[in-house]
**Student:** 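Input: one structure, supplied below.
Just follow the structure's listing: the first ligand is 1, and inside any ligand the first atom is 1. FYI, side chains are in, hydrogens and waters are out, and symmetry mates aren't considered; it's all heavy atoms of this structure. The structure displayed is predicted, hence computed values, not measured ones.
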Amino acid sequence: MSDRIFNFSAGPAVMPEPVLERARDEMLNFQGSGMSVMEMSHRSPEFEGILARTERGLRQTMGIPDDYAVLFLQGGASLQFSMVPMNLYLLGRPIDVLHTGAWTEKAIEEIKKVAECRLAASTEAEKFRRLPRPDEIEFNPDASYVHICSNNTIFGTQWRSFPDTGEVPLVADMSSDILSRPVDVSKFGLIFAGAQKNIGPAGVTLVVMRKELAERAPASTPTMLKYATHIKNNSLYNTPPTFGIYMIGLVMDWIEAEGGVVAIEERNEAKAKLLYSAIDATEFYTGTVEKQDRSYMNVNFRIQGNNEELEKKFAKEAEAAGLSGLKGHRSVGGLRASIYNAMPLAGVQALVDFMHEFERKNG
Ligand SMILES: *Cc1c(COP(=O)(O)O)cnc(C)c1O
């Protein structure tokens, strides 16, 4: 489609074009049902089929073991900052957090409202320009669980491998890199992600959790905020975000058609390398994150001398050239290119070409 731009927005973000096309084709009449998925009862056999299909797709694509539940919730990743401690905190056993920036800051704030919080490591002193090194992390073997953010969308850092937390469940906020690479789900107690960055439209929150952890929640936990409620009712306790669930199913089909998450990772790596090489090839652009911790999803960079005027100009002219959403997060400034699964290599190439041209004119 010639009128589509390259969308580098951090989220809601670019969707795979074949997914949008299929949703369009099925929009008015889903597989002979005579109605749109949006119009269907969540209790209908058609929708139950969609839900089962999406769950199957996720289980296959992500390799989710049978003793894990797959839940489709609402409230965004932000509600998970509260729900996880409300359900998984064990009295007197502080929650360990690996503090790596804005998204763990928000998790910490919510944890503190219902539980005891302890920092297992923090890179705040370095302004989150890197992740904690293994020898800087001190886990408490008695923690209720460990909270980690796998990819910090705002600072542009990403854990290349995950620390071993032993018997203590590892809880990961994977909102901005879920299904961008293979992950051994069995190493995690719980994984959550807002769908709107890598796997679907806004409005659905995916939770993948070891079922037995849901038994920890106190009886006083509000029904809707209890994982056990949603496990027992297969995400159908109340009306779930039906259309979003359908779209995630289509995205899983797309990932499989592309060769699965292994092929997706290869492509993500190639895209990231292309962009980081362009940044490193000149003094005009500078990456803001230490090289070993650079994210393959959110690429943060600045223009010589942190020149805000020039950065503003860059974002504006890029937008006019069909490269949208490159302004950095308001809290950190600079420029940020979010290159999630659905961003094609051609989009990154177009950005790199634009960067060369912009440097030639302004450098
Ligand atoms: C976007 C994002 C969130 C917040 O997600 P909402 O769905 O808007 O609540 C949380 N964590 C990370 C890592 C994110 O990228």
Side-chain angles (χ1 to χ4, degrees), residues 7-15 71-86 95 97-111 113 117 122-124 128 130-132 145-160 162 170-181 183 188 190-209 224-225 230 235 240-241 243-245 247-248 251 268 272 288-289 293-300 325 327-332 336-343:
N7 177 10
F8 293 92
S9 164
V14 56
M15 293 279 289
L71 304 175
F72 302 98
L73 308 180
Q74 300 186 58
S78 299
L79 185 58
Q80 293 308 305
F81 296 155
S82 303
M83 244 175 114
V84 177
M86 286 172 91
I95 294 160
V97 179
L98 293 161
H99 186 26
T100 52
W103 290 118
T104 46
E105 182 71 50
K106 288 200 161 163
I108 290 166
E109 274 170 38
E110 298 309 309
I111 288 170
K113 289 178 183 171
C117 186
S122 167
T123 47
E124 188 169 13
F128 306 115
R130 65 171 180 85
L131 297 172
Y145 64 88
V146 175
H147 177 100
I148 193 170
C149 177
S150 59
N151 180 76
N152 198 303
T153 326
I154 292 176
F155 290 93
T157 54
Q158 185 177 31
W159 293 83
R160 291 264 80 78
F162 293 96
L170 182 59
V171 171
D173 175 0
M174 289 195 190
S175 293
S176 50
D177 69 348
I178 190 157
L179 283 159
S180 69
R181 55 178 168 173
V183 154
F188 296 85
L190 188 151
I191 293 168
F192 65 87
Q196 69 273 19
K197 282 146 190 161
N198 231 354
I199 53 167
V204 201
T205 312
L206 175 69
V207 172
V208 175
M209 69 183 292
M224 275 294 288
L225 299 182
H230 301 290
S235 302
F243 194 75
I245 292 169
M247 291 296 285
I248 292 176
V251 172
N268 285 338
T288 59
V289 168
D293 296 326
R294 283 173 163 180
S295 168
Y296 290 0
M297 297 278 98
N298 309 99
V299 176
N300 286 32
K327 197 166 161 289
H329 189 269
R330 60 189 184 280
S331 65
V332 295
R336 171 178 56 174
S338 297
I339 51 173
Y340 300 120
N341 288 355
M343 172 58 66

**Student:** Between D173 and F192, is a side-chain contact (heavy atoms from CB on, under 4.5 Å) present by the stated rule, with each step listed?
**Tutor:** CA-CA 5 Å; D173 175 0; F192 65 87; 3.4 Å; yes
**Student:** Do H230 and S235 meet the criterion of a side-chain donor-acceptor pair at a distance under 3.5 Å?
**Tutor:**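 Result is no, nothing qualifies.
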**Student:** So that I can tick it off, tell me whether E110 and K113 are bridged by a salt bridge, with the cut-off set at under 4.0 angstrom between side-chain N and carboxylate O.
**Tutor:**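 Here K113 pairs with E110 in a salt bridge, since their nearest N and O are under 4.0 Å apart.
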**Student:** Is it true that the side chains of N151 and S295 contain a donor and an acceptor less than 3.5 Å apart?
**Tutor:**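 Judged by distance alone, the side chains do pair up.
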**Student:** For F72, give me all partners under ring-ring contact (aromatic ring centres under 6.0 Å, His included), at least two apart in sequence or on another chain.
**Tutor:**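 None.
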**Student:** State whether a side-chain donor-acceptor pair under 3.5 Å links Y296 with D177.
**Tutor:**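 No.
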**Student:** Which protein residues have a heavy atom under 4.0 Å from ligand 1?
**Tutor:**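 These residues qualify: G76, A77, S78, F81, W103, C149, N151, T153, D173, S175, S176, Q196, K197.
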